[in-house]
Amino acid sequence: MTATKQGILLMDVMNDQSADAFRVRITKHLTFTLGKDKPHASLYDWRMAVSYSVRDLIIEPWFAATRKTYEAQGKRVYYLSLEFLIGRILGDAMMNLGLFDIVKDVLDGEGISLADVIADEPDAALGNGGLGRLAACFLESMSTLACPAVGYGIRYEHGLFRQRFEGGRQVEHPEDWLNQPHPWEFVRPEARYTIPFKGHVADVDGKLTWRPSETVYARAYDMPVVGWQGKWANTLRLWGAHPTELFDLERFNSGDYTAAATPEALARTLSRVLYPDDTTDSGKELRLKQEYFLTSASLQDILRRFLSEYDDLELLPAKVAIQMNDTHPALAGPELIRLLMDQHGLAWDVAKRISVKCLNYTNHTLLPEALETWSTWLLGRVLPRHMQIIERVDQEHQLTTKCSAELGIVRQDQVHMGTLAFVMATNVNGVSALHTQLMKETVFAGLNGLYPARILNQTNGVTPRRWLRLSNPSLSSVLTDTIGAGWENDLDRLSELGAHEANQDVRDAIGAAKRKNKVALSNWVGAQLGISLNPDAMFDVQIKRMHEYKRQLLNVFETIARWSAIRANPQGNWTPRVKVFGGKAAPGYFAAKEIIHLINDVAKTINNDPVVGDLLKVVYPANYNVSMAERLIPATDLSEQISTAGKEASGTGNMKFTMNGALTIGTLDGANVEIREHVGAKNFFLFGMTASQVQERYLVHDHARQAISASQPLQDILQMIAEGRFSPEDKGRYGGLVDATWNHDPFLVASDFDSYLACQADVDQAFTDKDHWNTLALRNIAGSGFFSSDRTIKGYMADIWDTKSLS
Ligand code: NBG
């Protein structure tokens, strides 16, 4: 039998998607893969058996996609990202393959709960926030759209830390998602590359040759990422670091076990954690090495794949589109030049021209402190050959554009990675209309002048499969009942909901779906935190990374104002609210950690105050992650998107909430602007200064003091915090925070406070009429179709990558 015949036969067996076939498959995996019989199988065993069984059904589309890709000889997309916040996989894969009901039936028959099986999966926290989640949504959309692509990232053993609260403070613990075997990955020992570091560059017969003094191996671990209805699967290839030298047997035999294990431990450090604390020099070096590790391994792999099909490197840009997700993989420019010159013998000009044609860069932030720089000292020491290449790229950039030194890549002994990425890319994109405009006007104004038309916009999106269909089955049924099936991969169809606005049954059904989700969330909060919630209260949610510019502080201040107003008039006509917070602060970010502490202190005070009772509760579950977002978003009435205008590049949580029928209270920032346009200004609670008003406000040197002096509620709040009302055991705890608000307030919390307070009163008012609220929710859902990541990916394919769908 030929290999192909054998494959086809095998696939026929594997493709049987009946319940019976699935029962057999699960039993087989339980028995032969896990070595357990049913009476002794634990929840873990069941989860693994179910995962392997579902995974089996992805293999065929995965192989088929690879086959079609090779046959089509088209262009492939390579998405390089230091973060992929993929979350749990099993439920998502079952949903995309249409297997939910079958698996549930099979497990019911065995007395096993599918929900428990799904919840047993660790949440792969290989990312920090929106940037990493965007990469995960993009992979899923690329598979849904049959766009041939590979995502490249790092297989962090521990990912982002696990957050716990101790006495209200954030404490970081290591995440151990890989403690158990990971059923979705395939180890590829044969796909292994050597990654060099340090050493020096020698001139060998006129040819510059890097003689590295350290090396590690990058080993590939592949995960299939299946798209809607299982028609296509792309690969997420994560690199794990392994030592090039095994452990030192001589030292081991002489009894020095620690020294013997050192090379292995050092190598593995590279793929141990996301965001090593880089306040120390060794932390910085580790982070730089991680960035190079990802970039070099991926580019070596891309070239190997290309050369297995073609032999003319001039063809590379026609076959390869590389996306640099932020500046983290910006070494791709110099690395591709290096590989093409030093390993494949191309001349400088050719190597550089080809590299630029293959590369594109997405910028995700305008905050100056978030734009990466490396000292020439560190970069030159870790990557001496790249330092030379960067200097030459810089020279040519400055010479050909005749720009001033301020627009150079290397300035004041720092390598500016944003500038490097910009200069080495064909397209540079922002992630919302406002952000792209501000890129052109501010941070990249100079470069935009030198390279006009290089900057373009691709407003972010999110996958409706995970963020609506999977996480909100109640609303999904209402949608299918109302507008018919098929909206999941054609989200613009949600606009058809608009025609049903006058239908009381539809409005009621939307309200009922929301209430069901709120009841479920209340039960979870009760069980997890021992706080009892009233599901008829307004659920007001702010979940995102903890950062001053996102202004969780503004929200806490409003919470305190509300509490104090209720106390002053407990019989008043209050709209009951539950304030939910979620998010982690970077371990070294003191100000953000203080805000976490304050939220927890305020929560403790309010939740234990018998005077307010059900009128106000504050909930802050620890360790916010993708799974928690899936639980919270469908149960949200009000979405808080309250960043200082001009600071949030896009936001993607804002889109998920809108799709799930939450209303937004927000500033004109990031994608909020476009959300408001799509859902209609009347259906959006707008407050605060615009980006240009913010710029003007910064010119007022005592803006905070002026704003506070003009606002009695704000003065009262600051007074209460300063007096230790929320920290009676340590009255001075927030002295610094209050002082900073009066005197610095870098994100204009004080200047926007009154406007926010007034807007929140409008929100209260709107919520008192449930039917009206449901109408607003309906309009938000109907207007959210634009925010599918399918639309975003189509934009990248057309404007940036020039690739075609192979469906
Ligand atoms: C984040 C922005 C968000 C944006 C995501 C995805 C970084 C550096 N940037 O506003 O803060 O939605 O990227 O584009 O994490």
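When a ligand or atom number is given, it counts from 1 through the structure's own listing order. Here, residue 1 is the first one in the sequence, and each next residue gets the next number.
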### Message
Checking D92 now: which residues fulfil salt bridge (charged side-chain N to carboxylate O under 4.0 Å, His left out) with it, not counting sequence neighbours?
### Response
R466
### Task
Would you check if there is a donor-acceptor pair between the side chains of N325 and H364 at a distance under 3.5 Å?
yes
### Query
Could an N or O of ligand 1 be found under 3.5 Å from any N or O of R545, whether backbone or side chain?
yes
### Task
Please collect all ring-ring contact (aromatic ring centres under 6.0 Å, His included) contacts where either partner lies in residues 641-681, sequence neighbours excluded, each pair once.
H678-F786, H678-F787
### Message
Quiz question: by atom type and distance under 3.5 Å, do the side chains of Y549 and E648 form a donor-acceptor pair?
### Response
yes
### Query
Who's the nearest protein heavy-atom neighbour of atom 4 (C) of ligand 1, and how far?
G651 N, 3.7 Å
### Query
Of the protein's non-hydrogen atoms, which lies at the shortest distance from atom 10 (O) of ligand 1, and what is that distance?
E648 OE1, 2.6 Å
## Note on the structure
Numbered in order shown, the ligand 1 atoms found under 4.0 Å of a heavy atom of A649 are 10 (O)
### Any side-chain donor near an acceptor of the partner, S298 and W239, under 3.5 Å
yes
### Query
Relative to ligand 1, is L131 under 4.0 angstrom through side chain, backbone, both or neither, heavy atoms considered?
both
### Query
Taking N or O atoms only and a 3.5 Å limit, does Y549 qualify as a polar contact for ligand 1?
yes
### Query
How about E175 and Y156: does a side-chain donor come under 3.5 Å of a side-chain acceptor?
no
### Query
Tell me, which protein residue and heavy-atom name are nearest atom 2 (C) of ligand 1, and how many Å apart are they?
H364 O, 3.4 Å
### Query
Hey, does R133 sit under 4.0 Å from ligand 1 if you only count heavy atoms?
no
#### Entry: Aromatic ring proximity, centroids under 6.0 angstrom, Y620 and F165
yes
### Query
Under 3.5 Å, N or O to N or O, is N460 touching ligand 1 that way?
yes
